[in-house]
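The structure appears right after this line, and notes come after that.
Bear in mind that the values here come from a model prediction, so they are computed numbers and not experimental data.
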Amino acid sequence: MTINGGISFWYATHPGPPATPSRTLHTPRTPLTAHATADVVIVGGGYTGLWTAYYLKQAAPDLRVTVLEQKFCGYGASGRNGGWLYNGIAGRDRYAALHGRQAARSLQQAMNGTVTEVIDVAAKEGIDADIHRGGVLEVARTPAQLGRLKAFHAAELAFGETDRELHDAAATRTRIGIADAVGSSWSPHGARIHPLKLVRGLAEACERLGVVIHESTPVTEISAGKAVTPYGTVRAPHVLRCTEGFTAALKGQKRSWLPMNSSMIATAPLSAETWAQLGWSGREVLGDMAHAYMYAQRTADDRIAIGGRGVPYRFGSRTDNDGRTQPATVDSLRDLLFSFFPALTGTEITHAWSGVLGVPRDWCATVTLDRTTGVGWAGGYVGSGVATANLAGRTLRDLVLGESTELTALPWVNHRVRRWEPEPLRWLGVQALYAAYREADRREAASHTPRTDPLARLADRISGRH
């Protein structure tokens, strides 16, 4: 029987209370009970908000930092993602076009270092997040995917990732026994993590530094100098929005970032004999070059957790409550898993869940602080937020403290983007685009053409992805 929802597999397999203070999933931190003041108020208790709070208190211990979270820390994407700690960042090519290749290269180098930064902080703070630095393996399974893979590999080398490796079909199967694999690109700048363990450990580290975290405290409005909740208003010179896929729920933010759905399934633990057949001894995080791409990891307890877009968007920017996933999406992810690994056909799928990620209209992640109002934000990670949130947190720290640093000079700082189209255009557009991507994948697989299908190229231009 598949457990569908319940936030995520990560919660189902790590339900116990954090080490300190004693607390279970269903007894959240104390909510806000009255008006309050702070030096910095952060809206959102996920990776971005917690990393920002952590680095602010590290740099300025006397700063009064308050985090307001609508449910509990890690309720959103930080507790539901695929556990990819890697160096990808949304919008790099656009930043290269706007600011020059060297600026974009600096952004990429900062991301490369961010993977190590997260691992080092986890070790320093005693956070056991099942981290295994096996790198990232991105695989091609059709001739068209192989063409994109080679172009992608060359682009990464051009942006300074000289330690990346390109593998042919045989070398790819030596790493992981993927059916029909024709090539792959491997980067050392990636690690497998248990996302919930990381976010819980980070919240505890923040509290040890003196950060005040109020859970069960939804923020309904953000404006200069204040964050408004049903239980009181927190006033502060700096108000930081770190809400990613839940941004549309805030007053005035309905069309800022689109909440894109991503869904996952997890298998039962696989036997040693099965793993001997599949390989994957390096525990790389795994992705592919399909237009409707997948992502996967080998978990610490020897399952496979695999994800994809499923139903990409809900009308009116709605989000789910508990991660429940449509049965058709569960079936499609199961079929995808068995397509990659035919030997697993019939393997039990124990968990299914979904979450939302933030997508700006130009698909570019951003960090912003308006110095006239003190209002700032970070996000729009388009699914690459596990590491990017750390870089965003360090950058917001420098912006709040008024420092000019290498981080504040990066091209994603203070980038502005136009809003999404109103409904029903937004819903119709997203549905059409992902239908086009799925059809392009089908046509490429059937035709064995070495060229990217024109339907996908058209969808890329319309969506703003390229």
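Looking at heavy atoms from C-beta onward, R241 lies out of side-chain contact with V219 at the 4.5 angstrom threshold. For the pair R298/R303, no side-chain contact is recorded, criterion being any heavy-atom separation below 4.5 Å from C-beta on. Counting only heavy atoms from C-beta outward, the side chains of F152 and E138 approach each other to under 4.5 Å. Contact check for W412 versus T395: side-chain heavy atoms found under the 4.5 Å cut-off. Side-chain contact between M111 and T388 is present, with at least one heavy-atom pair separated by less than 4.5 Å. Side-chain contact between L357 and N81 is absent, with no heavy atoms from C-beta onward closer than 4.5 Å. Side-chain contact between V40 and L63 is present, with at least one heavy-atom pair separated by less than 4.5 Å.
Around NZ of K226, the count of heavy atoms belonging to other residues, nucleotides or ligands within 6.0 Å does not exceed 12. For E406, the CD atom is loosely surrounded, since the number of other residues' heavy atoms within 6.0 Å does not exceed 12.
D62 CG to D39 CG: the interatomic distance, rounded to the nearest 0.5 Å, is 9.0 Å.
Ring planes of H291 and Y437: parallel class, angle under 30° (limits at 30 and 60°).
For D128 and K197, the salt-bridge test fails: no basic side-chain N is under 4.0 Å from an acidic carboxylate O. Under 4.0 Å is where a charged nitrogen must lie from a carboxylate oxygen, and between E215 and K71 no such pair does. By the 4.0 Å N-to-carboxylate-O rule, R29 lies close enough to E207 to be salt-bridged with it.
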Yes or no on side chain to side chain donor-acceptor pair (under 3.5 Å) for S185 and R164, after CA distance, side-chain angles and deciding distance? CA-CA 7 Å; S185 179; R164 177 176 283 272; 2.7 Å; yes

Should T408 and S404 be marked as a side chain to side chain donor-acceptor pair (under 3.5 Å) after you check the CA-CA gap, both sets of side-chain angles, and the distance that decides it? CA-CA 6 Å; T408 62; S404 295; 4.9 Å; no

Please walk me through it: do S187 and Y86 pass side chain to side chain donor-acceptor pair (under 3.5 Å)? CA-CA 9 Å; S187 166; Y86 86 120; over 6 Å; no

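In this structure, a donor-acceptor pair under 3.5 Å is absent between the side chains of R324 and S354. The closest side-chain donor-acceptor pair between T299 and R192, if any, does not fall under 3.5 angstrom. In this model, a donor atom of one side chain and an acceptor atom of the other lie less than 3.5 Å apart for T37 and R64.
Because its NZ or CZ atom is not both nearer than 6.0 Å to the ring centre of W280 and within 45° of the ring axis, R175 does not count as a cation-pi partner of that residue. Taking the centre and axis of the six-membered ring of Y11, the NZ or CZ atom of R80 falls outside the cone set by 45° and 6.0 Å.
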Let me have the donor-acceptor pairs involving side chains of residues 43-56, under 3.5 Å, with sequence neighbours excluded, atom names and distances please.
| from | atom 1 | to | atom 2 | distance (Å) |
| --- | --- | --- | --- | --- |
| Y47 | OH | S78 | O | 3.2 |
| Y47 | OH | P195 | O | 2.9 |
| T48 | OG1 | Y381 | OH | 2.7 |
| T52 | OG1 | T48 | O | 2.7 |
| Y54 | OH | Q58 | NE2 | 2.9 |
| Y54 | OH | E125 | OE2 | 2.7 |
| Y55 | OH | E117 | OE2 | 2.6 |
| Y55 | OH | N390 | ND2 | 2.9 |

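Nearest heavy-atom pair across R133 and I119 is CD-CD1, 3.8 Å. Considering all non-hydrogen atoms of both residues, P360 and V417 come closest at CB-CG1, 4.2 Å.
Considering only residues two or more places apart in sequence or on other chains, H167 meets the ring-ring contact (aromatic ring centres under 6.0 Å, His included) condition with none of them.
Each of L396, V367, L107 was evaluated against L391; a single residue qualifies, L107, per the side chain to side chain contact (heavy atoms under 4.5 Å, CB included) test. The side-chain hydrogen bond (donor to acceptor under 3.5 Å, both in side chains) test with N87 singles out one residue from E161, E156, H189, and that residue is E161.
Between Y95 and H415, the ring centre distance stays below 6.0 Å.
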